[in-house]
Number of protein chains: 4
Amino acid sequence: MREPVGVRQAQAQRTRSGVLAAAAAVFVEQGVQAPIRDIAERAGVGIGTIYRNFPTRADLVTAVYRHQIDTCVALAPRLLAESASPFIALTRWVDAFVEFLVTKHGLGAALGSGDPGLENLHTLMLDTLLPAGAMLLEACDAAGEVRPGITAYTLMRAIGNLCITGPDYDQADARHMVATLLAGTRPTPTA
Amino acid sequence: MREPVGVRQAQAQRTRSGVLAAAAAVFVEQGVQAPIRDIAERAGVGIGTIYRNFPTRADLVTAVYRHQIDTCVALAPRLLAESASPFIALTRWVDAFVEFLVTKHGLGAALGSGDPGLENLHTLMLDTLLPAGAMLLEACDAAGEVRPGITAYTLMRAIGNLCITGPDYDQADARHMVATLLAGTRPTPTA
Amino acid sequence: MREPVGVRQAQAQRTRSGVLAAAAAVFVEQGVQAPIRDIAERAGVGIGTIYRNFPTRADLVTAVYRHQIDTCVALAPRLLAESASPFIALTRWVDAFVEFLVTKHGLGAALGSGDPGLENLHTLMLDTLLPAGAMLLEACDAAGEVRPGITAYTLMRAIGNLCITGPDYDQADARHMVATLLAGTRPTPTA
Amino acid sequence: MREPVGVRQAQAQRTRSGVLAAAAAVFVEQGVQAPIRDIAERAGVGIGTIYRNFPTRADLVTAVYRHQIDTCVALAPRLLAESASPFIALTRWVDAFVEFLVTKHGLGAALGSGDPGLENLHTLMLDTLLPAGAMLLEACDAAGEVRPGITAYTLMRAIGNLCITGPDYDQADARHMVATLLAGTRPTPTA
DNA sequence: GATGAATGAGGGTTCATTCAT
DNA sequence: GATGAATGAACCCTCATTCAT
């Protein structure tokens, strides 16, 4: 009765992936506060399976976005190397960041909510995205391309907030306002 | 035969005020989605009293913020008349708007949530604050003090979002980012 | 400051009458379980006034229908004297009884519910309507116009039940079925 | 490898049955409007379990009575085949119908209440019992054993009303009055 | 590992009833 | 007597979470 090694692990991995895909879809439709049951149904698994793989809601949320976060992080050094100036790199990177936030209904609000259950996600973003953004911002700083006094954390948090969309304030508006915010970080032209 | 007119009304008014004060306090601590029971307990009244005075949650939220909203609205024409330039007036008015938002934990998030139960508040703000902000923004526009293409609604919504505070992103940060956003609305200096 | 004697009593009487009229109207619309507050509002008085005049709901229900009940009671001897046969008198009297029940939305159901709070009304009907009906039934009995074994109480209760109308079973249906029931009380024709 | 199929389903089925039994008992004592919590307590399960199995009150009411309704329905064609005349079949079938109604305290009242939440039950009875009764009544009609003009729906509704028992109007009274009603449906003997 | 039935805390809402003015 | 604000018990329903199979 011994099965090929790893068959079970492979099945487990597939279950996990299915849950992540389902969660991503449900989050888009209902936001990250969607009932766990809805995700289980969408994934075609039992509720218990969700809890086994992701004990807390934040674990699930974090896992859902981890891949995209990692992609975003990896982009930073590449943009810095390729772009004509640090600020251009920052701008492009923020575009990617916004793209990520804006397509994830409710994520921005979740981050802004101070919900203690989302500490993990918060931590993840701090530990990974923040250094990426900070690297770019520091490069801008060093090149005198942004006003002093702006911290990467605050800026990214502000961008996150600006990406909380809703009726009458859509993704295009969010992009517009983020661009305006970035414009506001430029040093005041000296006479 | 004139007895103290309105002894009961006065008491009722005091109850109502007490509820409003309690609600304001609870909203700061827990956000506008706080359980009605908590507000009743804080106010030292029965649940029924809350429902008597404010049939829906939105009624309560609206009442809590109405006074401050009205004050803010009334400020706009005054600032426009007094200030050296429309943009200075806009800046000062936004300061007051931010002051309002930033001290009301959860209001920004509530407005951004698209919660259908808060239509009234949304409507109130649209009907009163929006015209006030729009007046100032139009004055800036007419004076060439802001880039074209920025609508009052989007700008105010963005400001509202920037005022969603939390741990590690406090009121000072919110003010800073709002100021940065406003700086970003200035026309690009032509060479 | 002494007012004419009885002015206050007259006022009180008017209040009481107004409440009864309002209650009758509300009972027709919503049934006898309607919220007390609705009746107070319709009467233009405070809730406390209802409770002062009619401490229990049953008191109010009873008072509302007392007049019509009395009228119905008074009808019995007159019909018996006027009609060609006791059964004809019974039939006509039942018509009046049904007319009373059928136009009082929810009263039949209330009587049939065994609700202990309506004891008073139950008692009132037993004490007044029952003797009236019994008189007629006994006359029929004595004349051999109905089968033996039918008691006035049971018959009237059955009639009351048949008058519980609703969608798809209207007043005409109720009348039809009551007539059928009465037809069923006739002695079986002997060959 | 076949393990006991459906161990959990069996348990779930037992839970469901327990809920149905508890509900039936509570309905007898308190009527079909009894608090869901009372049923849960009687069944020894959590409230959530009731809602899981019977999302609406009407679902529960319907389930409680479905079996007996089905039995009653199945009886009709058998009685028609076996009985000496259609009217005898109708009489016997009505006996069974009354037996069903009379032992279910509150069901008659529930059906007569027009409560929109009981649409399902109403529909169930219309869809199943009504055709059964109609078949018998039509057979009587065809045989000239009942007066014309009596519809199955109205007759059954009337019977349902007559079965609303209470103190002083018990099951025997209900049966007596139903028999009397049926007697009243016979054609008037022509001289 | 997966399952999903069961649980029950939590929050919403209504309305009968009291009582100070 | 009349008033109606206040009360809170009682219901409703949802959904996060556990655990036996």
Side-chain angles (χ1 to χ4, degrees), chain A residues 8-9 11-13 15-16 19 33-38 40-41 43-53 55-57 117, chain B residues 3-16 18-19 33-41 43-53 55-57 117, chain C residues 8-9 11-13 15-16 19 33-38 40-41 43-53 55-57 117, chain D residues 3-4 6-16 18-19 33-38 40-41 43-53 55-57 117:
Chain A
R8 234 190 289 188
Q9 286 91 325
Q11 176 52 41
Q13 185 53 47
T15 299
R16 200 183 148 87
V19 169
Q33 301 301 338
I36 296 292
R37 191 175 303 274
D38 287 4
E41 261 156 36
V45 303
I47 289 182
T49 302
I50 308 277
Y51 276 93
R52 161 171 297 275
N53 285 285
T56 72
R57 178 186 297 276
Chain B
E3 49 171 285
V5 169
V7 168
R8 266 214 317 242
Q9 285 91 325
Q11 175 53 41
Q13 185 54 47
R14 232 169 300 131
T15 299
R16 199 185 150 88
V19 169
Q33 299 301 341
I36 297 290
R37 269 184 180 76
D38 287 3
I39 296 167
E41 262 154 37
V45 303
I47 292 179
T49 300
I50 308 280
Y51 278 95
R52 157 179 292 274
N53 285 285
T56 73
R57 179 185 297 276
Chain C
R8 236 192 285 189
Q9 286 90 325
Q11 175 53 40
Q13 185 53 47
T15 300
R16 202 182 147 87
V19 168
Q33 301 301 339
I36 297 292
R37 192 176 302 275
D38 287 5
E41 261 156 36
V45 303
I47 289 182
T49 301
I50 308 278
Y51 276 92
R52 161 170 299 275
N53 284 284
T56 74
R57 179 186 297 274
Chain D
E3 48 171 285
V7 169
R8 266 213 317 241
Q9 284 92 323
Q11 175 53 42
Q13 184 53 49
R14 230 169 301 131
T15 300
R16 197 184 151 88
V19 169
Q33 301 300 340
I36 297 292
R37 205 176 293 277
D38 287 4
E41 262 155 37
V45 302
I47 292 179
T49 300
I50 308 280
Y51 278 97
R52 156 180 294 274
N53 285 285
T56 73
R57 178 184 299 276

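Residue numbers begin at 1 in each chain, while the letters A, B, ... track the order of the sequences.
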Colleague: What is the distance, to the nearest angstrom, from the CD atom on A/Gln9 to the P atom on E/dA2?
Modeller: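 Computing the A/Gln9:CD to E/dA2:P distance gives 11 Å.
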Colleague: side-chain hydrogen bond (donor to acceptor under 3.5 Å, both in side chains) with B/Gln11: which of B/Arg8, B/Gln9, B/Arg14?
Modeller: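 Only one option passes, and that is B/Arg14.
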Colleague: From CG of A/Asn53 over to C1' of E/dG4, roughly how many Å is that when rounded to an integer?
Modeller: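 Rounded to whole Å, this separation is 16 Å.
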Colleague: By nearest heavy atom, map B/Ile47 and A/Gly46 onto DNA chain E; which one lands nearer the 5' end?
Modeller: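 It is A/Gly46 whose nearest nucleotide is closer to the 5' end.
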Colleague: Go through the N and O atoms of the side chain of C/Arg52 and the base of F/dT3, and report whether any donor-acceptor pair is under 3.5 Å.
Modeller: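 Between F/dT3 and C/Arg52, which were checked side chain against base, a qualifying N/O pair under 3.5 Å is absent.
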Colleague: By nearest nucleotide on DNA chain F, pick out whichever of B/Gly48 and A/Pro55 is the more 5' one.
Modeller: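 First, find each residue's nearest nucleotide; the 5'-ward one identifies B/Gly48.
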Colleague: Can you tell me the distance, in whole Å, between the OH atom of B/Tyr51 and the C1' atom of E/dG12?
Modeller: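 Whole-Å distance recorded here is 5 Å.
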Colleague: Report the distance from atom CD1 of D/Ile50 to atom P of F/dC11, rounded to the nearest whole Å.
Modeller: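 So the CD1-P distance, D/Ile50 to F/dC11, works out to 15 Å.
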Colleague: Return whichever of D/Gln13 or A/Thr15 has its heavy-atom-nearest nucleotide of DNA chain E closer to the 5' end.
Modeller: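 Its nucleotide being nearer the 5' end, the pick is A/Thr15.
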Colleague: To the nearest Å, how far apart are A/Arg57 CZ and F/dT18 P?
Modeller: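 Interatomic distance, CZ of A/Arg57 to P of F/dT18: 14 Å.
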Colleague: Provide, to the nearest angstrom, the distance between the CG atom belonging to D/Asp38 and the C1' atom belonging to F/dC12.
Modeller: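 After rounding, the gap between these two atoms is 13 Å.
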Colleague: I need the minimum non-hydrogen distance between B/Ala43 and B/Gly18, along with the two atoms involved.
Modeller: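 Smallest heavy-atom distance, with atoms named: CB-O, 4.0 Å.
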Colleague: Testing the 3.5 Å rule here: is there a donor-acceptor pair between the side chains of B/Arg16 and B/Gln13?
Modeller: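 The answer is no; no qualifying pair exists.
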Colleague: For a quick test of reading the model: is some side-chain N or O of B/Thr49 closer than 4.0 Å to OP1 or OP2 of F/dA5?
Modeller: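 For B/Thr49, the contact criterion (side-chain N or O under 4.0 Å from OP1 or OP2 of F/dA5) is not met.
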Colleague: CD1 of D/Ile36 to OG1 of D/Thr49: how many Å apart, nearest 0.5 Å?
Modeller: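 Reported to 0.5 Å precision, the distance equals 12.0 Å.
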Colleague: Mind checking if B/Ile36 touches a base, just sugar-phosphate, or nothing, with heavy atoms under 4.0 Å?
Modeller: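 Contact class for B/Ile36: sugar-phosphate only.
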Colleague: Both atom distances under 3.5 Å, Watson-Crick or G-U wobble: I'd like the secondary structure of DNA chain E as a dot-bracket string, with | for pairs made across strands.
Modeller: .||||||||||||||||||||
Colleague: Expressed as a whole number of angstroms, how long is the span from A/Arg37:CZ to F/dC13:P?
Modeller: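 It is 17 Å, rounded to the nearest whole Å.
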Colleague: Could you check how far CD of D/Gln11 sits from C1' of F/dA20, rounded to whole Å?
Modeller: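 It works out to 10 Å between those atoms.
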Colleague: Within this structure, what is the CD1-CZ distance for the pair A/Ile50 and A/Arg37, rounded to the nearest 0.5 Å?
Modeller: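 These two atoms lie 11.0 Å from each other.
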Colleague: Using a 4.0 Å heavy-atom cut-off, does B/Gly18 contact any base of the nucleic acid, only the sugar-phosphate backbone, or nothing at all?
Modeller: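 Counting heavy atoms under 4.0 Å across all strands, no contact is made by B/Gly18.
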